[in-house]
**Student:** 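Sharing a structure here in structure tokens format.
Just so it is clear, the structure is predicted and the values come from calculations on it, not from any experiment. Below, chain A is the first sequence line, B the second, and so on; all start at residue 1.
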Amino acid sequence: AQSVAQPEDQVNVAEGNPLTVKCTYSVSGNPYLFWYVQYPNRGLQFLLKYITGDNLVKGSYGFEAEFNKSQTSFHLKKPSALVSDSALYFCAVRDLRSRFGAGTTVTVRA
Amino acid sequence: DTAVSQTPKYLVTQMGNDKSIKCEQNLGHDTMYWYKQDSKKFLKIMFSYNNKELIINETVPNRFSPKSPDKAHLNLHINSLELGDSAVYFCASSQVATTTGELFFGEGSRLTVL
């Protein structure tokens, strides 16, 4: 079965510093990978996805993610974090259903 | 205009009662989903409909019954509510039931069973 793992429950960074949220995947066949963000008491919002092609995918709000086939990873990155990036981030792998990781809470301190 | 809207946003009810949550999407999508988010924020798919036809039915108690009157609406009815049903229920939609489309989520319906 397809699955993703987010090894960190929490990530804390200072504003202006780079932000990385880790995700590893386990799939048979081609992986279709997604990142979503959830702000408190809100629904999930799509950030970006990897389907095929360029390993570096750019998304909303200045986020990008790098697909690494040899390491089976799809880490989310932002060069300079903002306090407003503080939220819960989910990695997901898609077949007919989307299977989500456990989520990583990002806190960006001013 | 809200793309995926759910009502009600909050439900507080007693054990044993029956409740419904409604969902509507105005994106013209063919596929709709119900997800359950538990207290640890873990997300699990419950059901999916493609053009009114049930295509995913995870191992959900049969007290939960989805209904899709048309492809823009997907409702969730829950009978004989239990304490463990307390969660946030999210409706979502995607353009088609393929593997490459992202999901669009509603704001969630927080169910509290007392």
**Student:** Salt-bridge test for A/Arg94 and B/Glu102: reply yes if a basic N is under 4.0 Å from a carboxylate O, no otherwise.
**Tutor:** no
**Student:** Heavy-atom cut-off 4.5 Å, strictly under: side chain, backbone, both or neither for B/Gln6 against chain A?
**Tutor:** neither
**Student:** At a heavy-atom separation under 4.5 Å, does B/Tyr35 approach chain A through its side chain, its backbone, both, or neither?
**Tutor:** side chain
**Student:** Between B/Lys40, B/Gln37, B/Lys41, B/Lys44, which shows the greatest number of heavy-atom pairs under 4.5 Å with chain A?
**Tutor:** B/Gln37
**Student:** Heavy-atom distances under 4.5 Å only: say whether A/Gln45 touches chain B with side chain, backbone, both or neither.
**Tutor:** neither
**Student:** Under 3.5 Å, is there a donor on one side chain and an acceptor on the other for B/Ser5 and B/Glu24?
**Tutor:** no
**Student:** Below 4.5 Å from any heavy atom of chain A, which atoms of B/Ile45 appear? Answer side chain, backbone, both or neither.
**Tutor:** side chain
**Student:** Between A/Arg99, A/Arg97, A/Lys49, which has the largest tally of heavy atom pairs under 4.5 Å with chain B?
**Tutor:** A/Arg97
**Student:** Please determine whether a side-chain nitrogen of the Lys or Arg among A/Arg42 and B/Glu107 lies less than 4.0 Å from a carboxylate oxygen of the Asp or Glu.
**Tutor:** yes
**Student:** Sort A/Ile51 into side chain, backbone, both or neither according to what part of it lies under 4.5 angstrom from a heavy atom of chain B.
**Tutor:** side chain
**Student:** What ring pair (Phe, Tyr, Trp, His ring centres under 6.0 Å) pairs are there with at least one residue in residues 61-95 of chain B, not counting sequence neighbours?
**Tutor:** none
**Student:** State, without any angle test, whether A/Asn68 and A/Ser70 hold a side-chain donor-acceptor pair at a distance under 3.5 Å.
**Tutor:** yes
**Student:** Taking the six-membered ring for Trp, are A/Tyr32 and A/Tyr25 closer than 6.0 Å centroid to centroid?
**Tutor:** no
**Student:** Tell me, for A/Leu88 versus chain B, whether the close heavy atoms (under 4.5 Å) come from the side chain, the backbone, both or neither.
**Tutor:** side chain
**Student:** Quick check on A/Phe34 against chain B: is it the side chain, the backbone, both or neither that has a heavy atom closer than 4.5 Å?
**Tutor:** side chain
**Student:** Checking side-chain polar atoms at under 3.5 Å, does B/Ser20 have a donor or acceptor matched by the opposite partner on B/Asn75?
**Tutor:** no
**Student:** Who wins among A/Gly103, A/Ala102, A/Ser98 for the most heavy-atom pairs under 4.5 Å with chain B?
**Tutor:** A/Ser98
**Student:** Can you tell me which portion of A/Asn30 sits under 4.5 Å from chain B's heavy atoms? Options are side chain, backbone, both or neither.
**Tutor:** neither
**Student:** I'd like to know if A/Asp85 pairs up with A/Lys78 as an ion pair, taking the criterion as any Lys NZ or Arg NE/NH1/NH2 lying under 4.0 Å from an Asp or Glu carboxylate oxygen.
**Tutor:** yes
**Student:** With a 4.5 angstrom heavy-atom cut-off, could you sort out which part of A/Tyr36 is near chain B: side chain, backbone, both or neither?
**Tutor:** side chain
